[in-house]
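Scope of the values below: all heavy atoms of this structure, side chains included, with no hydrogens, waters or symmetry mates. Note that the numbering runs from 1 along the sequence shown for the chain.
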Amino acid sequence: MNRFNFQGNSFQENYTEQANFAIADARTFLSKVFSWMFLALGITAVTAYYFAANAHLMAYLIGSNGITPLGWIVMFAPLGLVLIMSMGLNKLSFGALSLIYVAYSLLMGMSLSFILLIYSIDTIFITFAITAGMFGFMALIGYTTKTDLTKLGSILFMGLIGIIIASVVNFFVKSSQMEYIISFIGVLVFTGLTAYDMQKLKRIGSGVSMQDASTKKLVIMGALTLYLDFINLFLFLLRLMGGRK
């Protein structure tokens with residue numbers, strides 16, 4: 001009987017120790033994810049401001065006849081880089097993945113420089129503050145909730161597909177009412193995705209070793225995921241807020 005209790009206590013201690021290690025790894029993983037995410041946001045913000053404030057640089061993106069060929073490349077190149085990072089995750093080295101990630105954040109900054117010409121600075125700052133608050137709150141929910149958000153993620157993904165299709169249609173229809181509806185749904189979708197992705201990254205972090213080389217690449221992809229949630233939430237909120245010049 002005493003021997004059984006001793007073995008039971010040892011098992012409990014080992015289980016508790018392993019759980020503590022998993023929590024520590026998850027926190028370390030997430031701290032690195034957020035560090036890379038904030039780095040990308042900083043690069044994007046500085047690049048967007050620099051281009052918007054420099055008429056000579058903006059001339060490369062917007063000409064007298066509208067968006068230049070380079071401007072179109074800048075707008076669509078980030079999508080290509082995301083596909084390269086996602087599809088080539090196993091083949092790319094951590095260094096190559098990091099360089100592509102930085103290049104992506106630079107191109108996004110160049111692309112988002114357009115909004116500084118369309119919306120007032122006050123609207124942009126207010127929207128950014130609201131976005132940061134909503135993102136932080138939903139990330140906290142995703143980290144702390146005990147509810148499995150997997151089913152919610154599937155629903156949100158379908159909503160995201162619907163937004164993409166509706167946006168393509170509205171590109172030709174140019175309906176302001178449809179744009180408002182798309183923006184409203186977009187805010188809901190990316191608000192939910194923030195919590196879902198945060199929970200998913202927490203689970204990934206608790207199941208990997210920070211000494212593993214592949215984990216570093218997962219950190220980059222995790223940062224990219226949260227970066228996309230933040231940027232898209234910001235853009236959809238900005239469309240709802242209005243405040244165009």
Side-chain angles (χ1 to χ4, degrees), residues 29-30 32-48 51 61 67 69-115 131 135 138-139 142 153-154 156-168 170-171 182-183 185-187 189-201 203-205 208 213-239:
F29 179 83
L30 289 174
K32 292 183 180 297
V33 166
F34 275 102
S35 295
W36 279 96
M37 174 199 164
F38 291 143
L39 173 64
L41 286 175
I43 292 173
T44 298
V46 171
T47 304
F51 266 77
L61 305 180
I67 300 176
L70 178 60
W72 285 109
I73 292 174
V74 167
M75 289 179 64
F76 288 101
L79 177 60
L81 292 183
V82 169
L83 292 176
I84 292 174
M85 293 173 70
S86 300
M87 298 175 65
L89 178 61
N90 295 326
K91 296 181 180 179
L92 293 170
S93 66
F94 171 72
L97 197 67
S98 301
L99 288 176
I100 296 175
Y101 179 75
V102 172
Y104 170 81
S105 61
L106 282 168
L107 285 171
M108 282 296 295
M110 295 169 63
S111 179
L112 293 179
S113 63
F114 292 108
I115 69 172
T131 303
F135 179 89
M138 295 308 296
S154 301
L156 293 173
F157 182 75
M158 289 188 290
L160 179 59
I161 298 299
I163 290 174
I164 294 174
I165 295 174
S167 297
V168 172
N170 198 45
F171 179 80
I182 292 172
S183 299
I185 296 175
V187 169
V189 167
F190 282 100
T191 298
L193 280 175
T194 299
Y196 166 76
D197 288 332
M198 187 65 183
Q199 185 181 78
K200 181 178 67 175
L201 289 172
R203 290 174 177 172
I204 292 174
V208 297
S214 62
T215 302
K216 295 181 180 180
K217 294 194 289 185
L218 290 178
V219 166
I220 297 295
M221 297 307 296
L224 176 64
T225 299
L226 293 183
Y227 172 93
L228 289 171
D229 289 341
F230 188 97
I231 290 295
N232 281 288
L233 180 59
F234 169 73
L235 292 175
F236 282 121
L237 277 173
L238 192 60
R239 292 174 186 174

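Under a cut-off of 6.0 angstrom, the local environment of NZ in K217 is crowded, with over 12 non-hydrogen atoms contributed by other residues, nucleotides or ligands.
Taking CD1 of I182 as the reference point, atom CD1 of I165 lies at 11.0 Å (rounded to 0.5 Å). Separating the CG atom in L226 from the CH2 atom in W36 is a distance of 14.5 Å, to the nearest 0.5 Å. Here the CZ-CG distance, from F29 to L201, works out to 5.5 Å after rounding to the nearest 0.5 Å. With rounding to the nearest 0.5 Å, the separation of CG in L106 from OG in S111 is 12.5 Å. With rounding to the nearest 0.5 angstrom, the CG atom of L237 is 7.0 Å from the OG1 atom of T191. Atoms CG and CG, on N232 and L160 in that order, are 7.5 Å from each other to the nearest 0.5 Å.
Taking 4.5 Å as the limit, every side-chain heavy atom of T47 sits out of range of all side-chain heavy atoms of M108. Proximity of L112 to L235: side-chain heavy atoms (C-beta onward) are separated by under 4.5 Å at one or more points. Counting heavy atoms from C-beta on, the side chains of F236 and V189 never come closer than 4.5 Å. Contact check for V219 versus K216: no side-chain heavy atoms found under the 4.5 Å cut-off. Between L61 and I67, every side-chain heavy-atom pair lies at or beyond the 4.5 Å cut-off.
F234 and T131 make their closest contact through CA-OG1, 3.4 Å (heavy atoms, listed as atom of the first residue, atom of the second, distance). Residues S113 and A48 come closest through the heavy atom pair CB-O, 3.4 Å.
Under the side-chain contact (heavy atoms from CB on, under 4.5 Å) criterion, Y196 pairs with L149, L193, K200, not counting sequence neighbours.
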Side-chain atoms of residues 37-44: list all donor-acceptor pairs with protein atoms under 3.5 Å, sequence neighbours left out, distances to 0.1 Å.
{"residue": "T44", "atom": "OG1", "partner": "A40", "partner atom": "O", "Å": "2.9"}
{"residue": "T44", "atom": "OG1", "partner": "S105", "partner atom": "O", "Å": "3.0"}
{"residue": "T44", "atom": "OG1", "partner": "Y227", "partner atom": "OH", "Å": "2.6"}

Could you list the donor-acceptor pairs under 3.5 angstrom formed between side-chain atoms of residues 73-100 and any protein atom two or more places apart in sequence or on another chain?
{"residue": "S86", "atom": "OG", "partner": "V82", "partner atom": "O", "Å": "2.9"}
{"residue": "S93", "atom": "OG", "partner": "A96", "partner atom": "N", "Å": "3.2"}
{"residue": "S98", "atom": "OG", "partner": "F94", "partner atom": "O", "Å": "2.8"}

